Visitor: 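Quick one: structure below, then a few questions.
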Amino acid sequence: MAMMTPIHRTEVKFYVPVVAAFGALAGLFVGTAQGSGLIGIVVGAILGAAIAWVLTQPRDGIEKPARWALVAVFAVAGYLFGAIPGAVIGAIFGWFFGWLTFWLFEGRYRGPLAPYLTPNQVLWYYTFRVICWAILIFLITPILVVMPLSFNAEDFFTFTPEMLRFDPAGYSLKHYRDFFTNDDWQQALRNSVLIAPMATLLAVSFGTLAAIGLSQPHVPGRQAIMAILISPMIVPLIISAAGMYFFYSRIGLQGTYLGVVLAHAALGIPFVIITVTATLVGFDNSLTRAAANMGADPVTTFFRVQMPLILPGVISGGLFAFITSFDEVVVVLFVGSAGQKTLPWQMFTGLREQISPTILAVATILVGISICLLTVVELLRRRSERLRGMSPS
Amino acid sequence: MTDATQEQTGPMVAADGTPLKKSLARSLRNQKMRALALIAPLLIFVLLTFLAPIFDMLFRSVENQMVSDTLPETVAALDSWDASGTEEPGEDVFRALYFDLFLAAEAKEHTKLGTRLNYEQVGISSLFRTSGRSLDDVGEVWQDWLEDDVDEIWGEGSFWYDMMSGEPADEAVLDDARDRMATLTGDSMRGDIGFAPGEAISALLPRTAREYAAFAVFTAIEDEDVVAEEDPWEAVYAAFAYDLSQPGTADAIGSYTGTGADQLQAVVAQLDTMPPVDFKAAFAAIDQDWMSVENWAAIKVYSSRYTSGYFLNAVDMQLGPDGPEARPENQQIYMMLFRRTLVMSLVITFSCIALGYPVAWLLANLPARRANLLMILVLLPFWTSLLVRTSAWKVMLQQQGVINDVLVWLGIVADDARLVMINNQFGTIVAMTHILLPFMILPLYSVMQTIPPSYLRAAKSLGANNWTAFWRVYFPQSVPGIGAGSILVFILAIGYYITPELVGGTTGTFISNRIAYHISSSLNWGLAAALGTILLLVVLLLYWVYDRIVGIDNVKLGG
């Protein structure tokens, strides 16, 4: 980040107490874990003050070695306390206090901020950052917790002491093995892999055509049509599921692959419509006219001129439709029967009835798939923005 | 321009000679048709696969044809009965009930009706079930009398068949029987019966002909047997006894000459030994509950083809003989569930605002590169499967879970006093706040991006303190984002099913869980449809508000 304010070293009476306060906070946690919070606070505060004081005594050029030394000391101390996990936590503490001391001491915290800010505003700025990071951690932690637990060697949903000791015996791939050998899961995987692409194909082919129709200049009743096409996204899933269950059992589609595919295609259509119409906003219609002018029939024009240009939108709409079907559980629970059991369904029953950590292995695999899809969508979005920047609008 | 066009007078023409105005109109019409032709396949698809089911559900929430389909004659007879009185219905109603119920029991439809009525009047289900088994005994009284006391030939199916058949045939009676069975079972009942009642016998013994025709249709089409070889139902004997007990029948038999005339006259000769025809007493003997006015009132109230009963039930009321009334206190749960759903959705929406606002502010005020990096942290959960996130919260919140382990390790919570954070409202609120948070952050972020940061600086340079500058300058401009995000989160929250089902236990479930329960466990589809319709109306109302504030076209995905 750009420097906005020249930095200068701060006084002892500022940085030593601040580091001591952080030390007290850390001491509180370690202290309560060991039995007495009060002693922890006092020891932590003294330790923090001492670190801040000692590290900043020899003046110049020793920051790096001093910080490394601190990490080493804390790691060793942590190891004596609680073996390998203790060492790791100790090293983190050591790194943090070293960084904090010099960050405060050198006045670096002031650098990226405007020079006219009052100390209170600076304090608020950093408090706000900490709050935001806490919220972001809240967002991401559940996903991060699931991943290591899926390598659990025991059939528990929680960290075993072996895992915390980083003992290789505490980890295993057995839940992944179970996923790949268990018939229930394999059947569910097959169904998911069968249903999602078919639903996607239906949603994308119908949706793209309709999106092209919708972005023509004169469409009678565009608002009403748009509202109808978007409605599957708005209506709560439980209501869609209930309606489809009643209706599909009337016409004999309940409990068939076709029923599930049609239902999932209907749910995926709004995503295709939204992304493709958004892409078509930047589409230059004179291109199709030029193609027609040169003798291309509408089909050729569509596949050779229009389609390549809107392809990123179509693909990302398709990915949305795919993930909708792939993740969907409410509708398939009602419209499908045991023969159409998909991965989310199997996870749902697993979570509700017999809790098996195989679910966590599947969850990790699904997170991996999500990351891949997210990356693809993001790359496509960038590409289409780049293209749009180049094409005249 | 050439000379030719300059010289031309009158309207401008296109290249092919038609007036330009007309040609333009045609081209515009073509354009519209082309656009519609492109949209049509999808529109039809969505109408069939999505909107038709929704309308079907709306229809089911008022549909109530089971009583009038299963007991058509009884319903007609009940018309003249006063449900608010203390007198049970008369003999004609019980007679109609006997023949309706006998047929329904043969087609095994009476238990469905019992289940349906049991939603409204507890205990009626078992009444129907036990009565269905005892109906044969009622008819057997006359069957025994005919076979043992009069003539053994009355027990033979072939004799009955010969007696009831005849030329010219009375097709109306047969078609009537077909329609009756079709309404009852929902099957078409077309096909060859191999039997047609004679006009003469059906004029002589109308009730007997009606029941025998029903027996014939059922035997030929449902059982796929030959009518002539089967012994008639007990209901046919009951109908015969009833016909005999009618004044005038005995005299008419005296002048009858068709097949079985001799046997009929023999019956008439012994008529004074026939067991009395009293269906009301027979039902009273089967189950004293048939004499209960409340049961009959329930049947009468729910005999109309459309009912508001499911909707009343969905708001904790019921349809009494005198119109809608409140349910007893101990049966009121739906208003409480609606209230809980609304309150918890509001709590979730406010937690999302509280947590989403700072993050959106940070994202909107960071340089683009770093904002994009942080955005991944928001988008990753957004893209992760709902079940993955729910299972993650189950792992985190349960009593042997990660959070409790950490708290115990830190010594904040004793090992034997682990916090109960799952299977209650707390679990639902935490998990759903986490799941819906991205839906709050993304609209907030896109609104905040458009607020120039210089406004805040200007406010401060004009002397506002931090809080005033934020509250009077920044916050009002971010309100559209809060509105959009809140409505989105709220709409999603009130319809949520999976997460409350998995982490909500009994106190943290929503109205949607009740809908699912009525669809798959209690099979009260009408009530499920009525609850769903109410929920749908709430969502559509909110959606309309959303459209007014944000516009449907502005729905954005993934930032």
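None of the values given here were measured: they were computed from a predicted structure. Chain naming here is simple, since letters A, B, ... match the order of the sequence lines and numbering starts at 1 in each.
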Visitor: Quick one: CH2 on B/Trp525 to OH on A/Tyr245, what's the gap to the nearest 0.5 Å?
Guide: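 Going from CH2 on B/Trp525 over to OH on A/Tyr245, the span is 4.0 Å.
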Visitor: For B/Phe55, which atoms come within 4.5 Å of any heavy atom of chain A: side chain, backbone, both, or neither?
Guide: neither
Visitor: Yes or no on side chain to side chain contact (heavy atoms under 4.5 Å, CB included) for A/Phe246 and B/Phe59, after CA distance, side-chain angles and deciding distance?
Guide: CA-CA 10 Å; A/Phe246 296 146; B/Phe59 174 64; over 6 Å; no
Visitor: Given a strict heavy-atom distance threshold of 4.5 Å, which part of B/Leu51 is in contact with chain A: side chain, backbone, both, or neither?
Guide: side chain
Visitor: Using side-chain heavy atoms (C-beta onward) and a distance below 4.5 Å, is B/Ile54 in contact with A/Phe247?
Guide: no
Visitor: Applying salt bridge (charged side-chain N to carboxylate O under 4.0 Å, His left out), can you list everything that pairs with B/Arg514, at least two apart in sequence or on another chain?
Guide: none
Visitor: Less than 6.0 Å separating the ring centroids of B/Trp393 and A/Phe138?
Guide: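 Distance test on ring centres: under 6.0 Å, yes.
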Visitor: Is there a side-chain contact between B/Tyr496 and A/Leu237, using heavy atoms and a 4.5 Å cut-off?
Guide: no
Visitor: Heavy-atom pairs under 4.5 Å with chain A: which of B/Ala35, B/Gly356, B/Gly532 has the most?
Guide: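 Of the candidates given, the most pairs with chain A belong to B/Ala35.
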Visitor: I'd like to verify something: which residue of B/Asn466, B/Leu386, B/Ile515 has the highest number of heavy-atom pairs under 4.5 Å with chain A?
Guide: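 Top option by heavy-atom pairs under 4.5 Å: B/Asn466.
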Visitor: Starting at CH2 of B/Trp383, measure out to CG of A/Asp327 and round the result to the nearest 0.5 Å.
Guide: 9.5 Å
Visitor: Nearest 0.5 Å please: distance from the CD1 atom of A/Ile269 over to the CG atom of B/Leu43.
Guide: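 Those atoms lie 10.0 Å apart.
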Visitor: What part of A/Pro217 is in contact with chain B, defined as an atom under 4.5 angstrom from a non-hydrogen atom: side chain, backbone, both or neither?
Guide: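 Only the side chain of A/Pro217 comes within 4.5 Å of chain B.
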Visitor: Hey, what do you get for OG (B/Ser520) to CG (A/Leu333), rounding to the nearest 0.5 Å?
Guide: 8.5 Å
Visitor: Measure B/Val408 against the heavy atoms of chain A and call it side chain, backbone, both or neither at under 4.5 Å.
Guide: neither
Visitor: Counting heavy-atom pairs under 4.5 Å to chain A, which of B/Met396, B/Glu501, B/Arg389, B/Arg34 comes out on top?
Guide: B/Glu501
Visitor: Tell me, side chain or backbone of B/Asn372 under 4.5 Å from chain A's heavy atoms, or both, or neither?
Guide: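 Side chain only.
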Visitor: What residue, out of B/Met57, B/Lys32, B/Arg60, has the most heavy-atom pairs lying under 4.5 Å from chain A?
Guide: B/Arg60
Visitor: Roughly how far apart are B/Leu38 CG and A/Phe206 CZ, rounded to 0.5 Å?
Guide: 12.5 Å
Visitor: How about B/Ile494 and A/Pro236: do any of their side-chain heavy atoms sit closer than 4.5 Å?
Guide: no
Visitor: Can you tell which part of A/Ala265 gets under 4.5 Å to a heavy atom of chain B, answering side chain, backbone, both or neither?
Guide: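 Both backbone and side chain.
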Visitor: Under 4.5 Å, counting heavy-atom pairs only, tell me which of B/Asn404, B/Thr384, B/Leu542 racks up the most with chain A.
Guide: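 The candidate making the most pairs under 4.5 Å is B/Thr384.
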Visitor: Considering only residues two or more places apart or on different chains, which pairs with a residue in residues 224-243 of chain A satisfy ring-ring contact (aromatic ring centres under 6.0 Å, His included)?
Guide: none
Visitor: In the structure I gave you, are the side-chain heavy atoms of A/Leu139 and B/Leu377 within less than 4.5 Å of one another anywhere?
Guide: no
Visitor: So for A/Leu366, is it side chain, backbone, both, or neither that comes closer than 4.5 Å to the heavy atoms of chain B?
Guide: side chain
Visitor: Measuring heavy-atom distances to chain A, does B/Leu437 have an atom under 4.5 Å in its side chain, in its backbone, in both, or in neither?
Guide: side chain
Visitor: Can you tell which part of B/Val359 gets under 4.5 Å to a heavy atom of chain A, answering side chain, backbone, both or neither?
Guide: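 It is both, since atoms from each part get that close.
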Visitor: Please classify the contact between B/Leu387 and chain A as side chain, backbone, both or neither, with a heavy-atom cut-off of under 4.5 Å.
Guide: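 Both backbone and side chain.
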Visitor: Using heavy-atom distances under 4.5 Å, tell me whether B/Arg457 contacts chain A through its side chain, its backbone, both, or neither.
Guide: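 For B/Arg457, side-chain heavy atoms alone lie under 4.5 Å from chain A.
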Visitor: With chain A, which of B/Gly401, B/Pro41, B/Ala516, B/Ala40 has the greatest number of heavy-atom pairs at distances under 4.5 Å?
Guide: B/Ala516
Visitor: Against chain B, work out which of A/Ile212, A/Val219, A/Ile323 has the most heavy-atom pairs shorter than 4.5 Å and name it.
Guide: A/Ile323
Visitor: B/Ile441 versus chain A, heavy atoms under 4.5 Å apart: side chain, backbone, both or neither?
Guide: side chain
Visitor: Measure distances from A/Ser249 to the heavy atoms of chain B and classify the residue's part below 4.5 Å as side chain, backbone, both or neither.
Guide: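 Just the side chain, heavy atoms under 4.5 Å.
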Visitor: Can you tell if the side chain of A/Cys132 reaches within under 4.5 Å of the side chain of B/Leu363, non-hydrogen atoms only?
Guide: no
Visitor: Could you state the interatomic distance from OH (A/Tyr248) to CG (B/Asp56), rounded to the nearest 0.5 Å?
Guide: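 If we round to the nearest 0.5 Å, A/Tyr248:OH and B/Asp56:CG are 11.0 Å apart.
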